[in-house]
Trainee: 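If you scroll down you'll find the structure; I have some questions about it.
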Amino acid sequence: MLNISITKTTNPKAKPQDESKLGFGRIFTDHMFMMDYYDGAWHDARIVPFDYIPIHPASTVLHYGVEIFEGMKAYRNADGKIRMFRPIENARRMNNSAERLCLPEIPEEDFVQILDTLVELDKDWIPHSEGTSLYIRPFTYGNDEHLGVHPVKNATFCVILSPVGPYYAEGINPVKIAIESHDVRAVRGGTGYAKCGGNYAASLRAGDRAEKQGITQVLWLDGVERKYIEEVGSMNVMFMIDDEIITPELTGSVLPGITRKSCVELLKDKGYKVSERLISVDELITAAKEGRLQEAWGTGTAAVVSPIGWLYYEGCEYTMNGGKIGPVTQWLYDTLTAIQWGYAADTKHWCHEVCDE
Ligand SMILES: *Cc1c(COP(=O)(O)O)cnc(C)c1O
């Protein structure tokens with residue numbers, strides 16, 4: 001067991017009164033976790049009052065973007081317990097990301113213990129309304145205090161918590177997605193499979209251009225041939241064509257989403273034909289033109305499942321299921337959220353109990 005020291009705030013903040021206005025990642029709880037890596041080991045695991053982090057102007061993260069993160073949620077369940085969804089998967093992925101960026105790894109059981117301790121301490125911040133949750137953001141950054149370009153010898157791991165509102169405050173409305181044929185997010189051999197800040201830095205321009213045209217997110221193509229579908233913004237993507245559910249295989253440039261993995265399992269259990277394979281933009285557009293593209297949706301922790309109503313490519317618009325959420329998308333959303341919110345039996349043992357309410 002990791003020894004975590006706890007310094008409680010003497011100045012607790014007022015909790016948000018109107019849970020319908022929480023939004024995403026704008027409000028933070030009273031405490032945060034930190035520990036520092038130096039001399040080849042993690043030191044000084046501590047929970048402290050939420051505050052600014054002083055940083056050396058030459059710190060590696062500020063210059064070379066050596067940073068990785070995770071995103072997960074804790075939910076107030078129907079039975080009064082507080083649970084997280086598959087935290088061990090986040091622990092593993094965080095370590096895979098760390099390996100890619102030469103950042104220090106964290107033992108999986110320590111990672112889960114840290115989250116349990118912090119979430120329990122700030123559990124009163126978990127909102128109560130339907131669809132709300134506590135978003136958990138663990139992150140590690142390189143923190144050498146010089147400008148040399150090397151794998152870091154110093155790093156900091158931090159966890160912050162943010163109460164978030166229901167993603168679909170106005171019901172599940174399908175989004176507009178544009179296929180991006182210029183910018184790319186990641187290439188094989190690069191950092192696409194790692195959850196690192198740099199991937200997002202590279203994706204902002206295309207996202208911004210799309211947003212100015214009223215489009216929610218971009219659909220990325222592979223970075224070499226701009227031929228194969230990779231993923232959407234901060235979500236993995238799934239298409240249903242001729243009753244086959246297709247999601248791009250994990251080739252190294254696609255982020256291995258935990259929601260993606262869970263959806264694939266649930267769909268297969270239900271008897272759907274699910275293929276993790278390459279899918280080219282030609283195959284997709286041809287299917288759309290011929291009316292064989294039945295449904296499309298994104299998957300990720302924030303939205304869980306996000307239906308795609310309209311696709312844009314080379315100046316043309318393609319509408320899916322009349323711009324309405326399709327039956328498979330709806331089933332998937334209902335099934336997965338029922339497990340996460342504790343309305344359905346957790347037969348797969350995906351939910352990890354943190355504490356009582
Ligand atoms: C986090 C993330 C996802 C979704 O992963 P989940 O584990 O399902 O939340 C998909 N794509 C990118 C680029 C991501 O950063």
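We count ligands from 1, going down the list as the structure has it; atoms in each ligand are counted the same way.
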Trainee: Describe, in one word, how the ring planes of Trp350 and Phe85 are oriented to each other, choosing from parallel (under 30°), tilted (30 to 60°) and perpendicular (over 60°).
Mentor: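 Rings of Trp350 and Phe85: perpendicular, as their planes differ by over 60°.
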Trainee: Thr301 versus ligand 1: do any nitrogen or oxygen atoms come within less than 3.5 Å of each other?
Mentor: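 Min N/O separation from ligand 1 is below 3.5 Å for Thr301.
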Trainee: Consider ligand 1: state whether an atom of it lies below 4.0 angstrom from any non-hydrogen atom of Ser203.
Mentor: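 The answer is no, since Ser203 has no heavy atom less than 4.0 Å from ligand 1.
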Trainee: For Gly223 and Val187, work out which heavy atoms get closest and say how close.
Mentor: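 Distance-wise, the nearest heavy atoms are CA-CG1, 3.9 Å.
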Trainee: Suppose we measure from atom 14 (C) of ligand 1 to each protein heavy atom; which comes out shortest, and what is that distance?
Mentor: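 Checking every protein heavy atom, the shortest distance to atom 14 (C) of ligand 1 gives Lys195 NZ, 3.0 Å.
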Trainee: Against ligand 1, does Arg185 come closer than 4.0 Å with any heavy atom?
Mentor: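 It does; at least one heavy atom falls under 4.0 Å.
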Trainee: List the closest protein heavy-atom neighbour of atom 12 (C) of ligand 1: residue, atom name, distance to the nearest 0.1 Å.
Mentor: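 Nearest neighbour among protein heavy atoms for atom 12 (C) of ligand 1, to 0.1 Å: Glu231 OE1, 3.4 Å.
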Trainee: Is there a heavy atom of Glu70 sitting under 4.0 angstrom from any atom of ligand 1?
Mentor: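 False for this residue.
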Trainee: Looking at atom 5 (O) of ligand 1, what's its closest protein heavy atom, distance included?
Mentor: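 Nearest protein contact, heavy atoms only, for atom 5 (O) of ligand 1 is Gly257 CA, 3.4 Å.
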Trainee: List every atom of ligand 1 that sits less than 4.0 Å from any heavy atom of Gly233, numbering the atoms from 1 in the order shown and giving each element.
Mentor: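 Within the 4.0 Å cut-off of Gly233, ligand 1 contributes 13 (C).
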Trainee: Can we say Arg292 and Asp242 salt-bridge, meaning some charged N sits less than 4.0 Å from an Asp/Glu carboxylate O?
Mentor: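 The answer is yes: the pair qualifies as a salt bridge.
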Trainee: Atom 8 (O) of ligand 1: which of Val237, Asn90, Thr259 has the nearest heavy atom?
Mentor: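 Looking at heavy atoms only, the winner is Thr259.
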Trainee: Side chain or backbone, does Gly300 bring an N or O within less than 3.5 Å of an N or O on ligand 1?
Mentor: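 By distance alone, the answer is no.
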Trainee: Any salt bridge between Asp36 and Arg46, counting N to O under 4.0 Å?
Mentor: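 Counted as a salt bridge, because a side-chain N and a carboxylate O are separated by less than 4.0 Å.
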Trainee: Kindly assign one of parallel, tilted or perpendicular to the pair Tyr141 and Phe139, based on the angle between their ring planes and the thresholds 30° and 60°.
Mentor: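 Because their plane-to-plane angle is under 30°, the rings of Tyr141 and Phe139 count as parallel.
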Trainee: Could you tell me whether the side chain of Lys348 reaches within less than 4.5 Å of the side chain of Ile339, counting heavy atoms only?
Mentor: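 Side chain of Ile339 against side chain of Lys348, heavy atoms only: no contact under 4.5 Å found.
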Trainee: Return the orientation label for the Phe157 and Phe111 ring planes: parallel under 30°, perpendicular over 60°, tilted otherwise.
Mentor: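 The rings of Phe157 and Phe111 sit tilted, inter-plane angle from 30° to 60°.
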Trainee: One residue to check: Met72. Relative to ligand 1, which of side chain, backbone, both or neither has a non-hydrogen atom less than 4.0 Å away?
Mentor: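 Neither; no heavy atom under 4.0 Å.
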Trainee: Heavy atoms only, cut-off 4.0 Å: how does Glu89 contact ligand 1, side chain, backbone, both, or neither?
Mentor: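 No part of Glu89 comes within reach of ligand 1.
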Trainee: Counting from 1, what ligand 1 atoms have a heavy atom of Arg93 closer than 4.0 Å?
Mentor: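 Listed by number with element, the hits are 5 (O), 6 (P), 7 (O).
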Trainee: Identify, for atom 3 (C) of ligand 1, the protein heavy atom at the shortest distance, and state residue, atom and that distance.
Mentor: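 Residue, atom and distance for the closest contact: Ser234 O, 3.4 Å.
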Trainee: Which bit of Leu255 is near ligand 1, meaning a heavy atom under 4.0 Å away: side chain, backbone, both or neither?
Mentor: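 Side chain only.
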Trainee: With heavy-atom distances below 4.0 Å as the criterion, list the atoms of ligand 1 near Tyr200.
Mentor: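 The list of qualifying atoms is 12 (C), 13 (C), 14 (C), 15 (O).
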Trainee: Does one side chain, of Thr9 or Asn11, offer a donor that lies under 3.5 Å from an acceptor on the other?
Mentor: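 Thr9 vs Asn11: no donor-acceptor pair found between side chains.
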Trainee: Are any of the side-chain nitrogens in Lys195 or Glu70 under 4.0 Å away from the carboxylate oxygens of its partner?
Mentor: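 Not counted as a salt bridge, because no side-chain N and carboxylate O are separated by less than 4.0 Å.
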Trainee: For the pair Arg260 and Glu276, find out whether any cationic side-chain nitrogen is under 4.0 Å from an anionic carboxylate oxygen.
Mentor: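 So Arg260 pairs with Glu276 through a salt bridge.
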